[in-house]
Chemist: 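This is the structure, below, for whatever I ask next.
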2 protein chains.
Amino acid sequence: MLIVGERINTSRHAINEAVAGRDAVAIQREVRLQVDGGADLIDVNAGSRRDSEVDDLIWLIEEIQNEFPKVRLSIDSANPDSMNRVLDRVMLRPMLNSTTGERSRMEAMAPVIQKRACDIVALCMDDRGIPKTAGQTVENTVRLVSDLEDLGVPRDRIFLDPVTQAVSANTRAGMMALEAIDGIRRELDGVHIISGLSNISFGLPRRPLVNRAFLTLAMKAGLTAAILDPSDRGLMSALKAAQVLLDQDPWCQAYTRAFREGRLEA
Amino acid sequence: MLIVGERINTSRHAINEAVAGRDAVAIQREVRLQVDGGADLIDVNAGSRRDSEVDDLIWLIEEIQNEFPKVRLSIDSANPDSMNRVLDRVMLRPMLNSTTGERSRMEAMAPVIQKRACDIVALCMDDRGIPKTAGQTVENTVRLVSDLEDLGVPRDRIFLDPVTQAVSANTRAGMMALEAIDGIRRELDGVHIISGLSNISFGLPRRPLVNRAFLTLAMKAGLTAAILDPSDRGLMSALKAAQVLLDQDPWCQAYTRAFREGRLEA
């Protein structure tokens, strides 16, 4: 499992304050927390600060790289032009978060995608909106992957996100997401499947319970990457337990190491 | 999901003391705890008290029925003769826990099974021992079901237990159990699939983490019943979250009710 840490997002009050005040120490503390928790990449999102997004992203990228030169970054923006303008500042191979199958979005992202070798998060929605069935999601991803391959992106750089809906609004949303993940895994050899976990539990109480169960089930279905809060010990412990059960942790080594390091939380 | 509460077992010190001292109040308190937690049946096991097992079972059955006349009982014994001698004392339809596919065991259980209409837990092992692959488990269950049907047991009274092994001893044990459950579900329409959850985590630290993840995954694979501790709020909360995601809880009603009643624990 590839873990993308989601905490550096200016929609969070503390991050907005740190970015506004150019408090590098506060940002680096947030990155440290995520790296210690098991993050492979750090997602960086300053989209809530529309007027200064590019400057803020550049500042974030440089402050994080200064302290963590070996940690990869995920550039998270709704604005392809912003991504384009900050992309050269990223030292290691960046992840772009994200494109979609919408025609205008794909066209705007094409020059960014072709600018340098990147990992691409691709949301399985297109001009018809968010798919209503798992089958439609899988169909969309086939087209998405073909479009990205036409732009020269190899499959193992593509991270498909099936775009989960809230189970509180649609009782079928959980099964639909699991069927979509399973279908993508069967249909598209070699791609990654990624999900932000927390949409699924929107509107419910005790959301961590639902998020953990969803992560566990999604891993079985074929999820290979997740955007989450790696400092959430309950969630990361659930992930490690799932790896043990799904034969993804030989001799339970990662699980027992996490226990010895005091990082397992029941 | 049918929940069989496992706490009334004389291998637990407190239960042994209560049974030895004929402390009905202590036993009824344990039953209340499980019923309040969501138990559909109460398992009763006095196997550790070999010399007095039958008397102890009869006492337990009567004390529990006095206080909880609407709660079904599961008679849990390795000794078919003990089961035979206590069976008439059970008011509602009993569950027999358990038979196996071993020839001698099935022969000894046959008269008990035919004595009255019961639910039967059947462990998927036979004279060749515990199956080494999921395919072998499914083959065994086909034979087991056929044997039980020959004794007049309808399918919807059969609870097949795939006999999970510890993942600490065999890294494949989790996947094997899930494949076995999935295979039984596909192969044998109308049977129940049951599991004691805790074998899977034997030998590991923080076992509740692994048990909860296994319950979640096993429910997706096709588990319809579980023998567990219903007073374990973390486990029961994980169960409720899994039901939400697997479209087994229309409009999230059971989940949100459990929340309102203060029974969800993240």
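We use all heavy atoms of the structure for the numbers below, so side chains are in, but hydrogens, waters and symmetry mates are not. Note on naming: letters A, B, ... go to the chains in the order of the sequence lines (proteins, then strands), and numbering restarts at 1 for each one.
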Chemist: Would you call Glu6(B) and Arg12(B) a salt bridge, taking side-chain N to carboxylate O under 4.0 Å as the test?
Modeler: no

Chemist: Return the option, out of Thr171(A), Thr216(A), Asn170(A), with the maximum number of heavy-atom pairs under 4.5 Å with chain B.
Modeler: Thr171(A)

Chemist: Non-hydrogen atoms of chain A under 4.5 Å away: do they reach the side chain of Leu178(B), the backbone, both or neither?
Modeler: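 Contact with chain A is through the side chain of Leu178(B) alone.
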
Chemist: Below 4.5 Å, heavy atoms only, C-beta onward: do Glu187(B) and Thr141(B) meet side chain to side chain?
Modeler: no

Chemist: Quick check on Pro250(B) against chain A: is it the side chain, the backbone, both or neither that has a heavy atom closer than 4.5 Å?
Modeler: backbone

Chemist: For chain B, which of Leu215(A), Ile200(A), Leu246(A) has the most heavy-atom pairs under 4.5 Å?
Modeler: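 Option with the greatest count: Leu246(A).
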
Chemist: Select one option (side chain, backbone, both, neither) describing which atoms of Asp249(B) are under 4.5 Å from chain A's heavy atoms.
Modeler: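 For Asp249(B), the contact with chain A is made by the backbone alone.
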
Chemist: By a 4.5 Å heavy-atom criterion (distance strictly below it), what part of Arg212(B) contacts chain A: side chain, backbone, both, or neither?
Modeler: side chain

Chemist: Less than 4.5 Å to any heavy atom of chain A: does that hold for the side chain of Phe259(B), its backbone, both, or neither?
Modeler: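 Side chain of Phe259(B) only, per the 4.5 Å heavy-atom cut-off to chain A.
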
Chemist: Look at atom CG of Asp156(B) and say whether more than 12 heavy atoms of other residues, nucleotides or ligands are closer to it than 6.0 Å.
Modeler: yes

Chemist: When heavy-atom pairs shorter than 4.5 Å are enumerated against chain B, which of Arg172(A), Gln248(A), Arg207(A) gives the highest number?
Modeler: Arg172(A)

Chemist: Do Asp40(B) and Arg72(B) have side chains that approach each other closer than 4.5 Å (heavy atoms only, starting at C-beta)?
Modeler: no

Chemist: Which atoms of Glu265(B) come close to chain A, meaning under 4.5 Å heavy atom to heavy atom: side chain ones, backbone ones, both, or neither?
Modeler: backbone

Chemist: Are Val4(B) and Phe159(B) side-chain neighbours, meaning at least one heavy-atom pair lies under 4.5 Å?
Modeler: no

Chemist: Got a donor-acceptor contact below 3.5 angstrom from the Ser168(A) side chain to the Phe202(A) backbone?
Modeler: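 Checking the backbone N and O of Phe202(A) against the side chain of Ser168(A), a donor-acceptor pair under 3.5 Å is found.
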
Chemist: Can you list the steps and then say if Ser237(B) with Arg206(A) is a side chain to side chain contact (heavy atoms under 4.5 Å, CB included)?
Modeler: CA-CA 10 Å; Ser237(B) 298; Arg206(A) 297 281 184 269; over 6 Å; no

